[in-house]
Amino acid sequence: MLSVLTPLTVFLFFESHLPVKCETAYESYINHQKRLANDIFQNYNNDDQPQEKVSFAVELVTFWKEPRLRWNPPEYGNIEQLYVTEKKIWTPPIQPFGSNSYEIFMNGDIRLNIIRYNTEASGYISAKIATVCPMNVADFPFDSQVCQVRLCSPYFAIEEIRMLAEVYQAILDPDMISTMGNSEWSVVRLGSKVEQLKFFDHFGSMELVIFEIEIKRNPVYYIYMILIPSFIINAVSLIGVFLKDADRMSRLGVGLTNIMTMTFILGVMADKIPKTPSVPLLGNYIMANLAIMVVAIFTMTVLQSVRTGMQGRSDNVEEYESFLSHQKRLVADVFNGYDALVTPVYTKVDSLLPPDSVPNKPARFNLTIFLFYVKLVEVVEPQEKVSVVTEIILYWNEPRLAWNDSDYGDIQSIYVTEEKHFHQVRYDSQASAYVSAIISTVCPMNVADFPFDDQVCKVRFCVPYFNIGEIKLLQEIYGQIMNPFSIATMGTSEWLMTNLIGKVDELKYNDTFGNMETIVYELHMQRNPVYYVYMILIPSFIINAVSIIGVFLKEADQMSKLGVGLTNIMTMTFILGVMADKIPKTPSIPLLGIYIIINLALMIVAIFLMFFLKIIRRHIQKRIETTKNLAETGNMLWEAF
């Protein structure tokens with residue numbers, strides 16, 4: 001938190017598959033769709049640039065004169081000042097100039113102003129200001145920045161209002177300034193000035209109060225998280241690249257890993273700084289590391305080629321270069337005129353009719369989801385949420401990407417990238433993509449048998465916007481993961497996976513949009529109850545048994561027995577609370593909860609019996625004593641006569 005005080009007093013803190021007979025109609029549809037996409041996206045631009053924005057919390061005290069508010073203190077008991085709400089008197093309007101946002105923490109109904117007998121008035125403003133702070137990151141992360149907070153009194157020209165600025169001297173002490181920063185930035189200087197904003201028109205000029213805050217970055221985070229690790233990685237990688245005992249591919253792998261690491265570090269750094277024209281110092285350091293590694297890889301490759309390639313180039317190299325040449329020509333030909341905005345899905349269908357019911361229409365676009373790995377990550381029972389890691393391959397038909405493999409050196413498949421993900425395209429127009437994702441889904445749970453319960457959770461996939469008449473979904477599960485051993489490895493320490501089922505369901509809307517197909521994978525899970533048996537069941541049984549014995553001990557007094565019983569009840573209640581955090585709030589009472597409640601009921605009955613038996617025992621003793629006394633009295637009377 002960064003703070004500054006001024007009288008303006010300021011505290012700041014920097015905060016598809018097609019039959020041949022329909023080909024002409026389909027191509028016409030695709031062409032119309034392509035032309036439509038080109039027209040509507042001709043001037044479309046969705047770029048959004050980041051801002052160099054800094055947020056401040058400011059505390060301002062404003063001073064002005066209000067000649068209409070004057071009095072003679074002796075006439076009013078020597079009262080020299082009054083506190084009134086801001087809405088009671090006229091207050092000069094103060095607001096940031098050129099800021100992104102301005103938020104006052106206290107409204108005018110409760111903000112107080114001070115008026116004095118000699119017409120002096122003052123007001124207090126507590127607000128949050130977000131302002132643009134142009135940054136020079138050439139020395140990043142050893143940089144300093146100067147940010148400004150500009151304040152003005154809008155509507156009033158320089159001839160009407162004169163602005164003055166002052167920073168409260170007490171906060172300019174070095175010890176105070178040192179407390180104004182945060183963990184990354186420290187404040188090194190505070191200053192204030194008044195500048196004239198000239199418009200050169202009939203409005204006239206205006207004065208601005210400017211508070212300058214010079215801040216300096218703490219580079220420790222970047223030294224330990226980027227500089228030192230990148231130096232070590234680069235040094236070790238350089239050693240690995242020139243190891244004599246390693247083959248060339250291994251060395252190349254080390255070098256490429258280093259380059260990817262440095263590129264990743266550059267990406268991390270890019271999120272920390274604004275996109276200014278200057279290259280930051282840390283960026284130069286990373287780029288130098290990259291250059292050193294590129295030179296090392298080039299040197300290693302050239303030396304290896306000189307050492308082993310003097311006898312001429314091998315047939316394998318010639319074959320590889322031929323492959324690359326054919327592939328380059330293939331990609332250029334296949335993707336010539338290809339537009340990814342134009343989908344291969346035929347959408348001229350009646351959503352109210354059953355799928356594939358209209359003759360002489362292209363068949364539905366087929367999309368197959370092939371699940372070949374699933375792993376349970378976590379089960380958050382109170383939220384009824386399940387998270388799984390899935391590995392999926394998508395298969396579909398892209399008729400626009402097909403070729404005669406014999407025309408391109410018998411190449412039958414190529415790999416293309418889309419947003420850093422590889423797709424495979426085959427000569428017969430079959431395409432596939434690999435998807436790895438963590439999926440969190442809602443899983444309604446039945447905890448009636450908790451902790452000996454089984455649950456069935458569903459992971460659903462769909463193709464949004466497309467109805468059942470346009471896309472047909474198919475699902476398949478990799479057969480190798482369906483054996484019992486593989487299924488057993490899909491669970492966690494608490495949950496054991498018992499079965500995995502895939503199916504296709506129809507989601508019915510019964511409206512003009514039409515129905516939609518969803519692929520559903522059912523995860524059958526069984527809870528491992530050992531934790532609850534050893535942590536709740538056995539301890540609560542032992543506690544309850546011992547407590548019941550204690551309640552009925554003859555040697556103990558009644559208050560001690562009651563204490564044992566109450567301790568047991570509080571313990572069982574605490575166990576119920578612990579258990580409540582582990583399960584969702586469903587209408588059914590879990591089996592373990594019933595067990596704890598029975599333990600509670602047993603203890604309550606034991607306490608009741610303890611008191612009741614005490615009362616019965618006293619009553620019986622009293623009856624015995626009364627009978628004994630009557631017998632003794634009768635004997636005495638008999639002896640008297």
Side-chain angles (χ1 to χ4, degrees), residues 2 14-15 50 52 54 133 135-145 178 181-188 214-309 373 375 377-378 387 389 391 415 417 419-422 434 436-438:
L2 190 81
F14 308 110
E15 256 215 84
E52 301 169 89
V54 180
C133 180
M135 293 189 176
N136 181 5
V137 295
D139 296 328
F140 174 87
F142 305 99
D143 55 323
S144 298
Q145 307 295 339
S178 65
N182 57 24
S183 58
E184 184 177 358
W185 294 94
S186 59
V187 179
V188 297
E214 184 176 348
I215 55 178
K216 184 177 181 180
R217 193 190 305 268
N218 181 359
V220 174
Y221 170 85
Y222 301 96
I223 292 174
Y224 282 93
M225 296 300 293
I226 296 181
L227 282 172
I228 294 177
S230 61
F231 174 79
I232 295 174
I233 292 170
N234 216 48
V236 174
S237 299
L238 285 172
I239 296 173
V241 166
F242 291 103
L243 279 178
K244 291 183 178 181
D245 299 333
D247 62 274
R248 184 160 57 173
M249 199 61 202
S250 299
R251 298 178 186 181
L252 183 61
V254 170
L256 290 177
T257 301
N258 176 278
I259 291 174
M260 287 187 289
T261 304
M262 294 299 153
T263 306
F264 173 77
I265 293 176
L266 277 175
V268 172
M269 188 187 70
D271 292 336
K272 303 294 184 182
I273 59 175
K275 296 171 177 59
T276 61
S278 57
V279 179
L281 193 63
L282 184 57
N284 289 330
Y285 172 77
I286 301 299
M287 293 298 293
N289 281 345
L290 274 172
I292 291 172
M293 182 50 60
V294 170
V295 171
I297 293 175
F298 175 77
T299 304
M300 179 272 296
T301 305
V302 171
L303 290 177
Q304 187 74 11
S305 298
V306 171
R307 188 179 297 114
T308 62
Y373 179 79
K375 171 68 177 178
V377 178
E378 66 172 351
S387 298
V389 173
E391 307 290 338
Y415 293 90
T417 59
E419 295 183 354
K420 299 182 181 179
H421 296 285
F422 277 100
Y434 179 90
S436 178
I438 297 179

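This is a predicted model, so every value here is computed, not measured.
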Can you tell me if NZ on Lys375 sees more than 12 non-hydrogen neighbours from other groups inside 6.0 Å? yes
Could I get the full list of salt bridge (charged side-chain N to carboxylate O under 4.0 Å, His left out) partners for Glu391, not counting sequence neighbours? none
Under a 4.5 Å cut-off applied to non-hydrogen side-chain atoms, are Phe142 and Leu281 in contact? yes
Kindly write out the residues that satisfy side chain to side chain contact (heavy atoms under 4.5 Å, CB included) with Pro141, not counting sequence neighbours, or none if the list is empty. Arg217, Pro219, Tyr222, Leu282
In this structure, CD1 of Ile215 is separated from CG of Asp143 (nearest 0.5 Å) by 8.5 Å
Contacts of type side chain to side chain donor-acceptor pair (under 3.5 Å), residue Ser387, not counting sequence neighbours: Ser440
